[in-house]
Amino acid sequence: MINLLDLSPLKFVNYCQELGEMPFRAQQLQKWIHKFGVSDFNKMTDISISLRKKLKNSGYIKAPHIISDQISFDGTRKWIFNVKKNIIETVFIPEKNRNTLCISTQVGCAINCIFCSTGKQGFIRNLTIGEIIGQLWVIEFKLRKEKNIKIDFIKNRQITNIVMMGMGEPLLNYKSTIGALKLILSDHAYGLSRRHVILSTTGIIPMIDKLSKECPVELAISLHASNDNLRNQLIPISKKYPLKELILACHRYITYSPRHMITFEYCMLHGINDEDIHALELISLMKKNKILMSCKINLIPFNYFPNSNLICSKSSRIKIFAKILMNSGLFVTIRKIRGNDINAACGQLSGKILNHI
Ligand code: SF4
């Protein structure tokens with residue numbers, strides 16, 4: 001028996017072929033599951049009764065199970081899912097013009113960035129396609145149900161943007177991440193524009209190149225430092241991928257990127273990476289590697305978590321840092337803190353259950 005949530009668009013076709021069905025059946029099936037949220041084969045009314053019988057005998061649809069649901073005072077919502085006895089977190093960030101879902105790709109994380117609570121857990125396992133796309137599947141149709149919305153997908157879409165910035169390094173779970181991305185982008189599933197899907201990575205260079213060919217979505221690089229020495233202390237894996245090579249990989253990716261732009265994430269840590277000298281070094285790095293005009297620097301105030309021994313830069317310092325960068329012509333944004341009262345902000349996802357439902 002196969003969980004149909006584990007099927008990428010290509011695997012849907014293979015599965016239907018194995019059942020002796022035409023490829024268009026794969027699209028029908030994909031639509032019922034991912035466009036309309038139907039998990040009961042009997043309700044798939046344009047699928048023949050004989051195929052429904054084959055489906056019942058060979059497959060099932062099982063999504064991750066919600067065990068906790070918390071809402072922040074600012075409207076951010078965090079769900080904790082149970083995935084085969086492991087815990088993962090998914091965060092919903094509603095805004096005026098868009099609703100973003102931040103999804104996880106691994107249980108725990110091997111990278112161990114010093115400013116991230118997930119990294120402190122260590123790596124437990126990769127999520128399957130079904131466990132990654134299942135977060136979107138559950139939340140999209142849950143939100144529609146809460147609003148009494150009937151089946152009419154495009155008009156009533158609840159999640160408009162996806163960020164793969166939850167627990168885990170997506171490019172170290174490449175196969176499942178790509179399978180889930182293809183469903184997110186497929187017209188027969190969620191049909192999101194590539195411009196509305198961001199994959200965040202610490203910079204696994206060979207996989208960045210692979211992604212550019214196979215599924216180029218928006219790319220965000222966890223930069224966080226202006227030189228290799230500092231970056232190696234903040235993100236241990238960066239020893240393997242020095243900044244110069246990483247920026248070159250970004251250059252190669254820009255051609256494929258939907259907006260022809262790369263975002264560099266920079267977590268603001270008091271006394272560590274937030275001095276004027278770091279801003280100037282960052283400018284020089286971008287200028288030297290000729291990427292200054294094709295990138296955005298997103299400054300992220302550090303979100304506290306217990307035993308981190310780190311402090312967020314003062315807001316006045318963040319503003320000065322941003323100004324120095326902007327004066328050089330760089331496009332700079334300062335991320336608004338969302339959901340930190342429920343530990344849903346960037347770097348705070350730890351899979352701790354605070355409030356069971
Ligand atoms: S920031 Fe991302 S890559 Fe780094 S430890 Fe956290 S989850 Fe892993």
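Start at 1 and go down the list; that is how both ligands and their atoms are numbered.
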Flag the pair E21 and K54 as a salt bridge only when some basic side-chain nitrogen lies within less than 4.0 angstrom of an acidic carboxylate oxygen. yes
Atoms named by residue and atom, protein N, O or S, within reach of atom 4 (Fe) of ligand 1 (under 2.8 Å): C113 SG
With sequence neighbours left out, what residues match R195 under side-chain contact (heavy atoms from CB on, under 4.5 Å)? S193, E218, P258, R259
Go through the steps for S186 and Q30 under the test side-chain hydrogen bond (donor to acceptor under 3.5 Å, both in side chains), then give the verdict. CA-CA 9 Å; S186 166; Q30 207 177 289; 2.9 Å; yes
Run the salt-bridge test on D187 and K31 with the 4.0 Å N-O cut-off and return the result as yes or no. no
Salt-bridge test for D74 and R338: reply yes if a basic N is under 4.0 Å from a carboxylate O, no otherwise. yes
What protein heavy atom sits nearest atom 7 (S) of ligand 1, and how far off is it? G168 N, 3.4 Å
Indicate whether the side chain of N298 and that of T263 have a donor and an acceptor atom separated by less than 3.5 Å. no
